Amino acid sequence: EMADMIGRLTEVVAAGNDRIAELAAAANRKRGVPPKPTQTPAMATAGVAPEDRPRPPVIPAKVKPARKPRRPTGRKPLPSHLEADESEVAPPSCQHCGNDDLVVVDEVVEEKLTVVSAHQRRRVVRRVTCLCKRCLRRTTGEAPPAPFPRSKVTCEWLAWMIVQKFFLLIPLDRIRRHLALQGIPLSISFFVTQVQAAARLLDVVDGEHWKQLLAGSWMRSDGTSLKVIVPDLAGTHKGHIEVFCRDETVVFQYEHDKKGETIVGKLGKFRGLLQVDAEHRYNGLFEPGLGIIEIGCNAHGFRKFEAAQAVQPVLAKEAADFLTAMFLAEGEAREIGLRDDALRDWRRRRIQPLFDDLWRWMDAVQPTLLPDDPLAAAIRYHRNHWGALTAFVDHPEVGPDNSAAEREFQTVAKARLSWLFAGSTEGAHRAATLLGIVATCRNLGIDIQAYLTWAFERLGTHRAKFDLPASQLTPAAYKAQLGGA
């Protein structure tokens with residue numbers, strides 16, 4: 001009994017050391033400090049590892065791609081859909097002798113990109129009121145679409161401002177100062193009001209995206225921090241913004257904290273595959289009988305083996321090579337266009353044997369390592385999450401890693417550098433809504449400003465006239481309409 005207790009205490013101490021090492025490594029990465037070996041070079045040679053351990057496949061050297069055919073030289077023509085400002089310039093006299101009696105014999109056409117300097121304009125609409133000769137009642141011409149009643153701006157202007165703020169990530173104060181230099185004085189509260197109106201209009205579209213994600217068979221998710229100003233709180237509060245995505249559809253949601261109860265409340269009704277990082281707050285979703293299957297992120301495991309190479313250069317590289325071969329096999333399948341059952345069969349034939357060898361390799365190597373060795377920590381990570389890390393083999397809908405969700409946070413990371421923080425909890429929620437709509441438009445490859453203008457016209461003062469359900473107001477519906485036009 002005493003031996004069992006000592007064994008359990010040893011495991012607890014090792015887990016604590018792993019966590020401390022992870023926090024220290026994260027702090028060092030932020031400071032740019034390279035990792036330091038915790039063992040002597042003699043201990044890092046891995047000479048005690050069994051020689052009969054499974055060996056990773058030989059990773060082919062990167063082949064330099066064939067030189068692409070030379071592009072046609074010369075200037076490419078400008079897009080033909082751009083509106084053209086045309087003018088004609090004729091010489092007033094001969095540049096050689098000064099004679100002004102000239103005959104046109106040829107012309108030289110120059111085409112250049114230009115910009116309208118005064119892109120901010122006033123739209124003046126005179127709504128004529130008429131008197132009916134039959135019923136003697138007055139009738140006034142219908143007002144053009146506006147984001148909301150008595151709005152100071154048009155749908156086009158509001159779309160332009162949202163693009164500036166949530167696509168180009170320009171802080172509202174910079175937009176305000178830029179317009180002020182053009183002689184257009186607007187208060188910062190005016191801009192905040194416009195963001196509020198835009199988020200309120202697009203809530204129904206964001207809600208439709210969320211409904212589609214919950215109704216689907218799989219989704220990805222990840223989270224990151226966002227600083228928020230909270231009244232009566234010194235400094236800023238470290239909030240949490242989460243991304244949920246599938247294919248091109250993206251939803252961002254802000255939460256005050258990152259407790260497990262919060263994520264369980266959001267995704268409790270979801271049924272299908274959920275690809276997430278190995279965070280304990282997701283554990284409640286994967287209880288037996290709930291119908292949610294965990295899909296792990298092999299990119300995290302790969303990075304752990306990479307980091308361990310600072311201490312165990314030979315063994316850690318062997319482990320990383322197993323995963324490298326797996327990623328290469330997955331990339332090959334994608335290149336030849338395998339999907340559904342064909343992709344599942346490919347993975348079972350090419351990738352599952354690599355995981356089987358990696359498991360046997362870990363069985364052989366782990367007993368030779370000290371508990372606090374980074375490679376031992378990486379092996380424990382894989383053992384603890386083995387089912388989730390290998391589940392993608394049988395599910396061709398998802399990939400081997402969660403990198404697609406992580407890439408969506410590139411915009412959030414740039415926004416944090418530009419905005420620094422959200423001005424309020426409500427502002428963080430509005431930012432999440434608008435960032436999700438913009439990200440979906442970007443993934444679909446459509447003009448964000450054109451879509452927003454189209455959506456505001458149908459969600460604003462003319463909403464009753466169009467009377468469209470939320471499913472026909474999404475960026476995907478807009479793209480489908482363009483394709484059918």
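Here the structure is a predicted model, which means the values were calculated and not measured.
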[atom1]/[X]: more than 12 non-hydrogen atoms of other groups inside 6.0 Å:
| X | atom1 | answer |
| --- | --- | --- |
| F409 | CZ | yes |
| R123 | CZ | yes |
| R339 | CZ | no |
| K266 | NZ | yes |

For this session: Is it possible for you to check whether K165 lies under 6.0 Å from the centre of the six-membered ring of W419, through NZ or CZ, and within 45° of that ring's axis?
Result: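 Satisfied, under 6.0 Å and within 45°.
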Which heavy atom of [X] sits nearest a heavy atom of [Y], and at what distance?
| X | Y | value |
| --- | --- | --- |
| I241 | S225 | CG2-O, 4.4 Å |
| P396 | R347 | CA-NH1, 3.4 Å |
| I448 | C441 | CG1-CB, 3.7 Å |
| L354 | F322 | O-CD2, 3.9 Å |
| Y282 | S221 | OH-OG, 3.7 Å |
| L169 | A415 | CD1-N, 3.8 Å |

Side-chain donor/acceptor of [X] to backbone N/O of [Y], under 3.5 Å:
| X | Y | result |
| --- | --- | --- |
| N283 | H280 | yes |
| T236 | V228 | no |
| R137 | R134 | no |
| N298 | P400 | yes |
| D401 | A299 | no |
| R344 | D394 | yes |
| D447 | Q449 | yes |
| W346 | A329 | yes |
| H237 | H256 | yes |

Exercise. Per the side-chain hydrogen bond (donor to acceptor under 3.5 Å, both in side chains) rule, which among E408, R416, E242 passes with T224?
Worked result: R416
For this session: Could you point out which residue of E397, R220, E294 forms a side-chain hydrogen bond (donor to acceptor under 3.5 Å, both in side chains) with Q275?
Result: R220
Indicate yes or no: does [X] engage [Y] in a salt bridge with an N to O separation below 4.0 Å.
| X | Y | value |
| --- | --- | --- |
| D173 | R176 | yes |
| E330 | R334 | yes |
| R127 | E142 | no |

For this session: Take the angle between the ring planes of H429 and Y254 and call it parallel below 30°, perpendicular above 60°, tilted in between.
Result: perpendicular
Please tell me whether [X] and [Y] have a donor and an acceptor in their side chains that are separated by less than 3.5 angstrom.
| X | Y | answer |
| --- | --- | --- |
| H240 | R281 | yes |
| Q194 | W157 | no |
| R246 | S217 | no |
| T129 | T140 | yes |

For this session: Please tell me if the side chains of F244 and H209 come closer than 4.5 Å, counting only heavy atoms from C-beta onward.
Result: no
